[in-house]
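First the structure, in the form of structure tokens, and then the observations on it.
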Amino acid sequence: MSFAKLIGNERNKIILQRLLRSGRLPFTWLFAGPESVGKRQFALTLAKAANCQQAPARALASHYPEESCDECAFCRRIEEGTFSDLLVIQPEGAYIKVAQTRQLAEEVYFRPREGRHRFFLIDEAAALREEAANSLLKTLEEPPPTSTIILLSSCPDALLPTIRSRVQRLNFAPLSVAEMEQYLAANYRRPAPDTALLARISGGCVGQATAIDISEYRRERRELIELIDLLAAGNNRYRLLKAAEYLGKQEREIFERKLNLLLTLLRDIFLLAAGSPRERLVNIDAADRLETLAQKIELRRLMSWVEKLNQLRANLRININRQVATEALLLSLSRT
């Protein structure tokens, strides 16, 4: 994907294209921002622009082109991860190990094998073990002019201060709802209501939007809307206990996902109860059903529910019995 096709983070795009135009690529970058926000795609696009085979005719002498063609062999192979002047390092298990960074330290001083400029991407850079991070310091202090290292991280503050002090940082922000809808409509054809919903539930992160199973999301949402309706009535202890048993037996990842979705639904109901326009909702395609619930539940109850759900989410950090905790929570919410 070329810079022209990238959506969002326009300031970063301008900075990178200006540096390409000047012919001076800083040796080491830190691309920081939430997971799936597009950091890796920006890094690949920079690598393509610097190595595009169609570029020399368009670029001034000693300058890199500002854009890639996305069609030449080099551009395609960079996207596919088979370009010899692009090395991507990822965690092996939980960590990036010292053997991996030592390989980078050796490779970085070789001249490009086939392109104009070499790129080294360190994915999930916060996974660098201390020994591995320290082995990079000398490399970062003595940069060769034909190589660029890009660290990608959603937790930049977890990197060692000695690493952070040696890199130039670009912060990446999630896309706006409008930008996400534009991107999804242009690249992933689906019904307009699906596009509008995905643009909102993805949190502005392209990678998340393309990974979400919209049918499964709606199925889980129906279950939780029924639960909210049950809580609002507050008169069926048996059904509440069965719901708690069902939720509590879920795997932790699924349980946490449903808990987050429940909080999002309560946020939408709160906005409707407070008189906010529907455009502010995340679950905009379920606005009618949520409006009905907003008329049933007082703002005071909604605020209390959100507070107790957040407390349960915080308690998940310790090894609690999820089923027992959920039973106590749902019975408490029905009485609030």
Side-chain angles (χ1 to χ4, degrees), residues 1-13 31-45 79 90 121 123-126 152-156 170-225 228 250-272 276-290 306 309-310 313 316:
M1 187 176 295
S2 63
F3 281 115
K5 294 179 182 177
L6 289 175
I7 294 178
N9 290 287
E10 290 297 322
R11 177 178 174 274
N12 293 348
K13 189 186 302 185
F31 286 7
E35 289 186 15
S36 305
V37 79
K39 303 183 296 294
R40 197 173 194 274
Q41 188 59 61
F42 264 78
L44 293 177
T45 298
E79 282 286 352
Q90 296 177 313
L121 274 56
D123 224 345
E124 300 180 46
L152 310 174
S153 182
S154 58
C155 306
L170 277 185
N171 292 315
F172 287 78
L175 303 185
S176 68
V177 170
E179 289 172 333
M180 183 63 79
E181 283 199 66
Q182 179 186 347
Y183 174 84
L184 292 174
N187 295 280
Y188 300 91
R189 289 192 176 184
R190 51 170 56 90
D194 290 0
T195 297
L197 178 60
L198 281 172
R200 287 161 173 78
I201 64 179
S202 61
C205 297
V206 171
Q208 292 186 27
T210 57
I212 292 171
D213 183 335
I214 196 73
S215 298
E216 179 66 11
Y217 177 88
R218 285 195 169 113
R219 185 192 67 76
E220 292 183 349
R221 188 178 65 183
R222 283 195 299 272
E223 291 178 354
L224 294 175
I225 287 176
I228 294 171
Q250 303 286 318
E251 295 292 333
R252 177 168 179 150
E253 181 181 349
I254 298 174
F255 181 85
E256 291 183 356
R257 184 178 72 231
K258 290 186 176 182
L259 186 59
N260 290 334
L261 175 51
L262 182 56
L263 283 163
T264 300
L265 289 167
L266 291 177
R267 169 204 175 269
D268 285 349
I269 294 169
F270 185 92
L271 288 174
L272 290 169
S276 296
R278 290 188 171 192
E279 289 73 19
R280 293 187 60 191
L281 302 184
V282 172
N283 294 280
I284 192 167
D285 60 324
D288 290 342
R289 185 73 181 90
L290 298 177
V306 169
L309 282 164
N310 279 324
R313 184 163 61 176
L316 290 175

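Counting begins at 1 with the first residue of the sequence.
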Q | For Glu10, side chain to side chain donor-acceptor pair (under 3.5 Å) partners two or more places apart | A | Lys13

Q. Can you tell if the side chain of Tyr217 reaches within under 4.5 Å of the side chain of Ile201, non-hydrogen atoms only?
A. yes

Q) Can you tell me if Lys258 uses its side chain to pair, donor with acceptor, with the backbone of Leu224 under 3.5 Å? A) no

Q: For residues Arg267 and Leu271, determine if any side-chain heavy atom of one lies less than 4.5 Å from a side-chain heavy atom of the other.
A: yes

(Q) Once rounded to the nearest 0.5 Å, what's the spacing between atom CG of Leu309 and atom CG of Leu266? (A) 6.0 Å

Q | Distance in Å, Asn283 CG paired with Thr264 OG1, rounded so as to fall on 0.5 Å steps | A | 7.0 Å

In a table with atom names and distances, give each donor-acceptor pair under 3.5 Å that connects a side chain of residues 183-197 to protein atoms at least two apart or in another chain.
from	atom 1	to	atom 2	distance (Å)
Asn187	ND2	Tyr183	O	2.9
Asp194	OD1	Arg218	NH1	2.8
Asp194	OD1	Arg218	NH2	3.0

Q. Do Phe42 and Asn9 pass the side-chain contact (heavy atoms from CB on, under 4.5 Å) test, and can you show the C-alpha distance, the side-chain angles, and the key distance before you say yes or no?
A. CA-CA 10 Å; Phe42 264 78; Asn9 290 287; 4.0 Å; yes

Q) From Lys39 NZ over to Cys205 SG, what is the distance, rounded to the nearest 0.5 angstrom? A) 7.5 Å

**Q.** Euclidean distance, Ile254 CD1 relative to Glu220 CD, rounded to 0.5 Å
**A.** 7.5 Å

Q. Are there more than 12 heavy atoms of other residues, nucleotides or ligands under 6.0 Å from atom CZ of Arg11?
A. no

(Q) Is the shortest side-chain heavy-atom distance between Asn260 and Arg313 below 4.5 Å? (A) yes

Q | Residues in side chain to side chain donor-acceptor pair (under 3.5 Å) contact with Arg278, at least two apart in sequence or another chain | A | Asp288

Scan the side chains in residues 206-213 for donor-acceptor partners under 3.5 Å anywhere in the protein, sequence neighbours excluded, and list what turns up.
from	atom 1	to	atom 2	distance (Å)
Thr210	OG1	Val206	O	3.3
Thr210	OG1	Gly207	O	3.1
Asp213	OD1	Ser215	N	3.1
Asp213	OD1	Glu216	N	3.2

Q: With sequence neighbours excluded, tell me which residues meet side chain to side chain donor-acceptor pair (under 3.5 Å) with Glu79.
A: Gln41, Lys48

Q) Got a salt bridge between Glu223 and Arg219, using NZ or NE/NH1/NH2 to carboxylate O under 4.0 Å? A) yes

Q. Do Leu290 and Ile225 come within less than 4.5 Å of each other through their side chains, counting heavy atoms only?
A. yes

Q) Once you round to the nearest 0.5 Å, how far does OG of Ser154 lie from CD of Glu124? A) 7.5 Å

(Q) With a 3.5 Å distance limit and no angle check, can you tell me whether Arg289 reaches the backbone of Arg222 through a side-chain donor-acceptor pair? (A) no

(Q) So Asp268 and Arg200, do their side chains get closer than 4.5 Å, heavy atoms only? (A) no

Side-chain atoms of residues 170-177: list all donor-acceptor pairs with protein atoms under 3.5 Å, sequence neighbours left out, distances to 0.1 Å.
from	atom 1	to	atom 2	distance (Å)
Asn171	OD1	Arg169	NE	2.7
Asn171	OD1	Arg169	NH2	3.3
Ser176	OG	Glu179	N	3.1
Ser176	OG	Glu179	OE1	3.4

